[in-house]
Amino acid sequence: MAIAKPSSRKVQWKKASLPYLYLLPAFLIMGVITFYPLIYQVIISFTNFDTKHLLLGLESPELKFIGLKNYIDIFTAALPVENFNFFRVLEFNFWWALSNVMLHVPVGVLIATLLNTEGLWLKRIYRAIYILPVVVPPLVVATVWTNIFDERYGAMNQLLANISTYFGQAGPIYIRWFEDVKPPIPGFLPGAPLTLAYYAMMIANFWLGWPFMSVVATGALQSIPKDLYEAASIDGATGGQQFWNITVPLLRPAMIPAAVYGFTLSFNLFNFVFFMTGGGPARSTELLVTFAYNLVRNLRWYGVAASFAVIIFGVAMIVFLITNRITRATQDYPEA
Amino acid sequence: MDALKATTSKNPIVRFLNMNTSGQTSGRSLPLWRQLLLQALCLAIFASVMFPIMYIVTLSFSSKTTRPSSLELIPKEISFIAYQQVLDKPTGNPVTFAELLKNSVVLSVGVGLAALLIAVTAAYAFSRLKFKLREVLMILVFIPLLMPAVGLSTPLYLLLNQIQVKECSKEVVAIQPFTACEGGAKGKLLFNLRDSLLGVGIAMTATALPFAVWNLKGYLDTIPKELEEAAAIDGADTNQTFWRIVIPLAAPQLAVTFFLGFIGHWQEFVTTWLFLSQPKDYTLAMTLYNMTGQYANSVPWNRFAAMAVIIALPVAVVYIGLQKQIVGGLTTGGVKG
Amino acid sequence: MSSVTYKNVVKKFGDLTIIKNLNIEVEDKEFLVLVGPSGCGKTTALRLLAGLEEITEGEIIIGDRIVNDVAPKDRDIAMVFQSYALYPHLSVYDNLAFGLKLRKTPKAEIIRRVNEAAEILGITDLLERKPRQLSGGQRQRVAVGRAIVREPKVFLFDEPLSNLDAKLRVQMRAEISKLHQRLQTTFIYVTHDQTEAMTMASRIAVINKGNLLQLDTPQNLYDHPNNLFVAGFIGSPAMNFFPAKLTKSGDKVIVETDEFRVQIPEARAASCKAMDGRRIVFGIRPENIHDPEFAPPNIHGEKVTAQVDVTELMGNETLLYLVSGKNTFVGRVDPRSHLRVGSQTQFIFDMDKIHIFDAETEEAVR
């Protein structure tokens, strides 16, 4: 019997190395433009890197390693920046992301359910319009909303003025959305006052946020078999009961990852803060990312900025580990 | 089966737009009072969605440079003056609209394409090939996804800034950090990689790449394995399977990934604003920011609105243009019924 | 020569052993069906042969080549997948031609072979279409066609009919049989459906839990199952089993269940004597249980009292679901039978057609 020639060592080696060949372009480039910079960042986070060292970088003779000083300064609010307290910013950042998602998901689901109503007229048109916020670039959305909340000429104050005339209150309204430091609901979030600017940003982000959740929910709604509802209505369930007992539990596997995604997105939402409030007033709406940008772009304290980025990375890692847990635990129902 | 195909697209937005809305399958019709109630609700939502859009569109069609002192959501006049002016001379700087547009397109298309091309083979390896370090390398690629763009831009800013071309004297050019001018002379700065479209492009690619790998891998995972096994039996080696089966099947997702890269960088201004200092390198997005930023009080608001519309339109248009390709739903049909 | 041999083949996934020491010799031009319940390892056995999985131990030989380390494409095989695995982006023509193009077959030859295969399968009109424009049956034909054009030494089928509706399945069954006669090549076919196995195979290999239990012609398998599993798996409705004990009284050997006692005919008695006093499983197929009114003459009949629980009239036969004490069993009786639900009577067991299995080893006692 002829034994087929077992593949030679060369062929075997070629076969084993092929996957790495496929990975090579990405890793080569990521090595230079992603991994190396990230390591570089960790190194300079222990230095006093600032504009003086821009040209020579680590080679710079005056560059000093100052150990954990940057980190300590950040955590103890010892940076010479007004109104900066890391833990307050962190708390606000979490609350900001959480409050957004808690608002967007239920509203998105409800509107998706509304549009899923059988026999509703003009469904197609509503769907086409409701998707617009998802399609408009966030940059434009942010600039437009900044404009809308303008104290003198903003559409929001004008709209409120229009509405108030119906209640017999004529005259323009000048709400200072981005400047007012006094929180409208005092003590709502202990430790981090929620100024009017926060609510303005919530409104703008709400406009942007729910349509996305609605899109996800609609997709999931379509995959719920219709006979489940038919069976339930034969069993005597009312519309509300059907919503709570069928729609909500069956949407959960789709909505949890979407909510997690929305949370991450809001957590690092740069545009609104940067355009609308610049983190103010009194840094009450500052997020981690906007402050990091401030450190680099305006203050130019590169060493501190690097430490701050490392801290953000740590926070993001923790958030990821938690959300990943949530997503996995609720991923799907076991096959019935 | 075709009805099924339309609603099983991977893209939720596509599913959203394609689902059956005829309402003809309905067993019973909606009572009129409920219909009217729901219509009122729908119209209210409709109004809230349209509110900022109509506001900005109205403003862009205005011939006055100031904002109206009372609410205007429907254009009183259709004037293209603002658009004309924006196209003519978008900023106070001597830079044309065409240049801004070119910068935006070069950056967004370039970064989108670069990320896609570099990512696709890696995504395939992670999705399908077996090798020892798979898990470790995959974690390594996805770690940068956790870092917000700002965090990755900082070190790149510092690193790219160290790469400069200088003219030491006539005909003598030094490329830092590899060569330096003699005698420590400072020389005249010709080119700073950090302060160039190329540098910004590199920084953007750094964040776009892991995302592209992740996005493509997710899609490749859904391509039925049997197709590749059938190809293997038909005589295809890994490379042939990749090019002749996987790439054509992944085409819709390649388009989606490219488009997501494009859309993200078309309106990018965080990195560009940090890196670029010369008006000739500015993008449309930076210009829009500039219009609202420092000199907000002297802003010609109709031009600002026109600029916002101009930036938003291509994204919306490309989106609609790509619909068909995304909907293709290529894999339905090849496997199972 | 296109025989196929599994020699001491073992397949493990991690700690899990999917196939335990498989030995099969498939002759040239044979139609071998691997049958077993889902998860028994039959598909894995086929994928090992195709080269889609690597073999842990042993050898697989195609023709006179050990193919353990040979890539799928060089094994000279073709495979029809359960999901068809048609390339969705290619037309039917290109689907068929794909393998030939990769092998740099001359264009004229490709056209000839594709057209020939299309003609055999009656899909000539569909060559320009994309897979998604085809019906299930048409896709199935294209999948078979893709295998035919390659003119391989061995055809592999992985549950190719399981996605078709019942009527189409019967039709395709006949067509695949016809194809085998026409092509005169080795076919290896995996299915969980024993009817498919019985109707198409020249030999059947019954596999359970990674073990080959019996390899024989369909008729032998049906008449002489080697063990309890094969006996229960082959045939529909399945063979009736009764836990029982063998006792000897004089020359006679008696099967003793909780409810009835039947005597084993002399011809079979000799082999059973050694089992005296042992626990056994007594098996009889439904068609060997007769309505006393219509029992054929000249058989070694034994009477067993039972009550009719459910009747299923099929027209050409009647199925009776019977109860005798704790035992429930099925009889397949003459359609003229007057027995109705609730009737109690003495049914005739044809003792020449019985099966006896050792209760411990589950092996047949012959």
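In what follows, chains are A, B, ... by sequence order, proteins preceding strands, each numbered from 1. Given the structure is predicted, the values throughout are model-derived calculations rather than measurements. Only this structure's heavy atoms are used, side chains among them; waters, hydrogens and symmetry mates stay out.
- Within a 6.0 Å radius of CD in C/Gln171, other residues, nucleotides and ligands contribute more than 12 heavy atoms.
- Within a 6.0 Å sphere centred on NZ of C/Lys101, other residues, nucleotides and ligands contribute more than 12 heavy atoms.
- Listed in order of number, the residues of residues 117-125 of chain C that approach chain B to under 4.5 Å between heavy atoms amount to none.
- Without hydrogens or angle criteria, C/Tyr87 side chain to B/Leu249 main chain gives no donor-acceptor distance under 3.5 Å.
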I would like to know whether B/Glu226 and C/Asp158 meet side-chain contact (heavy atoms from CB on, under 4.5 Å); could you show each step before the answer? CA-CA 11 Å; B/Glu226 290 97 329; C/Asp158 182 12; over 6 Å; no
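- Options B/Ile233, B/Asp234, B/Ile245 differ in how many heavy-atom pairs under 4.5 Å they form with chain C, and the most are formed by B/Asp234.
- Counting all heavy atoms, side chain and backbone alike, C/Pro72 lies closest to B/Ala232 at CB-O, 3.9 Å.
- Only the side chain of C/Arg47 comes within less than 4.5 Å of a heavy atom of chain B; its backbone N, CA, C and O stay farther away.
- Annotation for C/Gln184: atom CD counts as buried by contact number, over 12 foreign heavy atoms lying within 6.0 Å.
- Contact detail for C/Pro88 and B/Leu227: the closest heavy-atom pair is CD-CD1, 3.8 Å.
- Both the backbone and the side chain of B/Glu229 come within contact range of chain C, each with at least one heavy atom under 4.5 Å from a heavy atom of that chain.
- A donor-acceptor pair is defined here as one N or O able to donate and one able to accept, closer than 3.5 Å; such a pair exists between the side chain of C/His89 and the backbone of B/Arg244.
- A salt bridge does not link C/Lys73 to B/Asp237: none of the charged nitrogens lies less than 4.0 Å from a carboxylate oxygen.
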